[in-house]
J.: 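Let me give you the structure first, and then I'll get to my questions.
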Amino acid sequence: MDRRQAMNARLMENAELAPYTWLRVGGPADRLYLPNTEEELSEILRELSPVEKLTVLGVGSNVIIRDDGIEGTVIRLGPGFGKISVDGAKVSAGAAALDAKVAKEAAKAGLSGLSFYAGIPGTIGGAMRMNAGAYGGETRDHFVSGRAINRKGEIVTLSADDFGFRYRWADVPADLVLIEATFEVPKGDAEEEQAKIKEIMEKREATQPIREKTGGSTFKNPDPDLSGGRSAWQSVDAVGGRGRSVGDAQMSELHANFMINKGNATAADLETLGESIRTDVQKELGYELEWEIKRIGRLA
Ligand SMILES: Cc1cc2nc3c(=O)[nH]c(=O)nc-3n(C[C@H](O)[C@H](O)[C@H](O)COP(=O)(O)OP(=O)(O)OC[C@H]3O[C@@H](n4cnc5c(N)ncnc54)[C@H](O)[C@@H]3O)c2cc1C
């Protein structure tokens with residue numbers, strides 16, 4: 001098979017996306033591409049019509065794909081983008097590398113500062129886009145630079161400043177496909193880091209519905225000055241949202257800010273449930289809860 005044939009084999013028309021997400025909902029993509037090398041991805045992007053809509057998916061641990069699917073082309077990076085390398089204090093990870101694997105590799109090398117990734121089930125691409133973080137650590141903390149490919153198929157390098165990281169947010173233009181992150185991480189103790197990772201995993205198991213179809217935090221923590229210090233999960237609790245259901249969509253009993261798909265939820269069920277919580281928080285508590293989960297795709 002020549003390179004072109006290999007590329008075509010990784011293009012799917014009208015491709016189901018639900019299996020690529022944690023919540024397991026949503027309609028198909030007009031086109032789904034699973035590139036496995038930078039050259040392939042460059043070529044795909046260069047050849048896309050400038051009016052074609054482009055969406056990038058990681059492992060779908062923070063998205064609701066709407067029931068009518070996604071217009072245009074969806075890119076999901078293949079395992080070729082999952083390499084991790086450690087060189088002294090420098091850790092480079094491909095955008096398809098799982099955060100947890102990066103945490104483990106950094107810890108093994110005796111570097112301290114990326115262990116918070118151990119409990120985040122996304123990829124480094126998603127982590128850069130969301131400034132993913134947990135337990136006081138965030139992607140931006142040790143972030144030096146990111147590489148990406150633009151719609152012309154060119155590789156660009158972005159500094160930490162270019163990302164403009166904020167709480168669960170980065171200012172990355174939507175049409176850039178992020179392909180690699182580089183971190184500079186302080187020296188630590190391998191055993192201590194590995195113990196931290198173990199502790200994080202145990203805590204997650206006890207406090208989050210990680211074996212369910214879920215999407216992680218549904219809402220961002222509101223500004224404490226507006227919410228009187230209430231976090232997102234406390235806000236959901238304060239309006240009686242814990243356990244609330246719409247169809248098979250439910251706010252988790254275990255963690256009130258996590259949504260779960262109990263089996264046959266649709267994206268519309270999940271969105272309706274989230275909006276009902278937002279409405280109640282606005283009405284009863286007087287502030288806005290902002291979605292953390294990205295809702296993507298055609299509006300019905
Ligand atoms: C059980 C559970 C626990 C979680 N705990 C946490 C937590 O503690 N902290 C936290 O921050 N998050 C948490 N999350 C949410 C989620 O794991 C993170 O937001 C993660 O960074 C998303 O990565 P992903 O690969 O799944 O991205 P996706 O969900 O696939 O996409 C998220 C966003 O990133 C964009 N994106 C993904 N890859 C790329 C790329 N290569 N280039 C450009 N854009 C890209 C997508 O377009 C989308 O806008 C949790 C989720 C679950 C299910």
Side-chain angles (χ1 to χ4, degrees), residues 8 10-35 41 44-78 95-96 122-123 125-126 128-130 148-151 168-178 212-220 244-251 258-279 282 288-300:
N8 288 342
R10 286 195 270 275
L11 166 68
M12 286 172 269
E13 304 269 343
N14 201 26
E16 281 310 316
L17 292 175
Y20 291 100
T21 72
W22 267 62
L23 279 163
R24 298 284 192 277
V25 298
D30 291 346
R31 280 161 288 287
L32 172 65
Y33 250 127
L34 309 169
L41 177 56
I44 290 162
L45 292 172
R46 216 173 24 243
E47 288 178 5
L48 273 190
S49 148
V51 294
E52 175 87 346
K53 288 209 164 127
L54 176 68
T55 304
V56 191
L57 262 192
V59 287
S61 63
N62 210 205
V63 293
I64 293 174
I65 293 177
R66 294 199 171 105
D67 299 315
D68 286 345
I70 300 185
E71 185 187 339
T73 296
V74 173
I75 304 264
R76 190 183 196 259
L77 302 178
T123 62
M128 284 190 271
R129 190 71 184 73
M130 302 293 298
I149 303 189
N150 65 21
R151 288 287 286 254
R168 301 296 172 268
W169 174 261
D171 266 329
V172 182
D175 59 354
L176 274 188
V177 182
L178 299 166
E212 308 270 5
K213 296 173 189 146
T214 181
S217 294
T218 305
F219 305 111
K220 297 182 184 186
R244 186 183 295 181
S245 293
V246 171
D248 259 0
Q250 187 185 41
M251 297 311 292
F258 275 48
M259 272 183 170
I260 51 176
N261 170 4
K262 289 193 294 175
N264 294 310
T266 61
D269 293 335
L270 292 162
E271 278 202 78
T272 304
L273 174 62
E275 287 303 330
S276 87
I277 303 275
R278 292 181 71 237
T279 302
Q282 184 71 64
E288 195 185 351
L289 272 189
E290 198 187 324
W291 283 90
E292 178 168 326
I293 291 187
K294 304 264 186 199
R295 293 153 304 138
I296 51 181
R298 290 184 182 92
L299 283 164

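Worth knowing before you read on, the calculation uses all heavy atoms, side chains too, and leaves out hydrogens, waters and symmetry mates.
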J.: Are more than 12 heavy atoms from other residues, nucleotides or ligands located less than 6.0 Å from atom NZ of K53?
T.: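 Open.
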J.: Could you give the distance from CG (L23) to CD1 (I64), rounded to the nearest 0.5 Å?
T.: 6.0 Å
J.: Give, for atom CZ of R66 and atom CG of L17, the distance between the pair rounded to the nearest 0.5 Å.
T.: 14.0 Å
J.: Less than 4.5 Å apart, any side-chain heavy atom of Y20 and any of V74?
T.: no
J.: Minimum heavy-atom separation for I65 to G27, with atom names?
T.: CG2-O, 3.9 Å
J.: Testing V25, V246, I260 one by one against L270 for a side chain to side chain contact (heavy atoms under 4.5 Å, CB included), which residue passes?
T.: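 The passing option is V25.
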J.: Could you note down all residue pairs passing salt bridge (Lys or Arg N to Asp or Glu O under 4.0 Å) where residues 14-29 supplies at least one of them, sequence neighbours left out?
T.: none
J.: Heavy atoms only: give me the nearest A18-G26 pair and the separation to one decimal.
T.: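 Looking at all heavy atoms of both residues, the shortest contact is CB-O, 3.9 Å.
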J.: Mind listing the closest non-hydrogen atom pair of A96 and G78 along with its distance?
T.: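 A96 and G78 have their closest heavy atoms at CB-O, 3.6 Å.
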J.: Indicate yes or no: does R278 engage E290 in a salt bridge with an N to O separation below 4.0 Å.
T.: no
J.: Can you tell if the side chain of T123 reaches within under 4.5 Å of the side chain of L77, non-hydrogen atoms only?
T.: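 Not in contact.
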J.: If I take atom CG from residue L178 and atom CZ from residue R129, how far apart are they, to the nearest 0.5 angstrom?
T.: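 Between atom CG of L178 and atom CZ of R129 there are 7.5 Å.
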J.: Taking side-chain contact (heavy atoms from CB on, under 4.5 Å) as the definition, give me every residue that meets it alongside N150, ordered by chain and number, with sequence neighbours left out.
T.: K152, E154, V156, L176
J.: With a 4.5 Å heavy-atom cut-off, do D68 and L299 have their side chains touching?
T.: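 Heavy-atom side-chain distance check fails, nothing below 4.5 Å.
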J.: Are any side-chain N or O atoms of S49 and backbone N or O atoms of V51, one a donor and one an acceptor, separated by less than 3.5 Å?
T.: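 Checked: pair present.
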J.: Under the side chain to side chain contact (heavy atoms under 4.5 Å, CB included) rule, what do L34 and M12 come out as? Steps first, then yes or no, please.
T.: CA-CA 9 Å; L34 309 169; M12 286 172 269; 3.2 Å; yes
J.: Please report, to 0.1 Å, the donor-acceptor pairs under 3.5 Å made by any side chain of residues 262-269, with sequence neighbours excluded.
T.:
residue	atom	partner	partner atom	Å
T266	OG1	A268	N	3.4
T266	OG1	D269	N	3.0
T266	OG1	D269	OD1	3.4
T266	OG1	D269	OD2	3.2
D269	OD2	T266	N	3.0

J.: Roughly how far apart are E71 CD and L54 CG, rounded to 0.5 Å?
T.: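 It comes to 12.0 Å.
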J.: Would you sort out whether M251 and M259 count as a side chain to side chain contact (heavy atoms under 4.5 Å, CB included), showing the intermediate values?
T.: CA-CA 4 Å; M251 297 311 292; M259 272 183 170; 3.7 Å; yes
J.: When rounded to the nearest 0.5 angstrom, what distance separates CD1 in I149 from CG in L45?
T.: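 If we round to the nearest 0.5 Å, I149:CD1 and L45:CG are 6.5 Å apart.
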J.: If we only count heavy atoms from C-beta on, is the I75 to L57 side-chain gap below 4.5 Å?
T.: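 In short, these two side chains do not touch, never coming nearer than 4.5 Å.
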J.: Which residues satisfy the side-chain contact (heavy atoms from CB on, under 4.5 Å) test with E292, sequence neighbours excluded?
T.: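 So E292 forms a side-chain contact (heavy atoms from CB on, under 4.5 Å) with N62, M130, Y167, R168, S217, K220.
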J.: Just jot down the ring pair (Phe, Tyr, Trp, His ring centres under 6.0 Å) partners of W291, sequence neighbours excluded, or say none.
T.: F219
J.: Going by the rule side-chain contact (heavy atoms from CB on, under 4.5 Å), which residues pair with R31 if we only count those two or more places apart in sequence or in a different chain?
T.: L11, E13, E52, T73
J.: So, the side chain of R244 versus the backbone of L273: is there a donor-acceptor pair under 3.5 Å, distance only?
T.: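 Answer holds: no.
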J.: How long is the gap from OG1 on T214 to CD on Q250, to the nearest 0.5 Å?
T.: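 So the OG1 of T214 and the CD of Q250 are separated by 11.0 Å.
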J.: Taking the side chain as every heavy atom from C-beta outward, state whether K213 and W22 have any atom pair closer than 4.5 Å.
T.: no
J.: Would R298 and D30 pass as an ion pair if we require N to O under 4.0 Å?
T.: yes
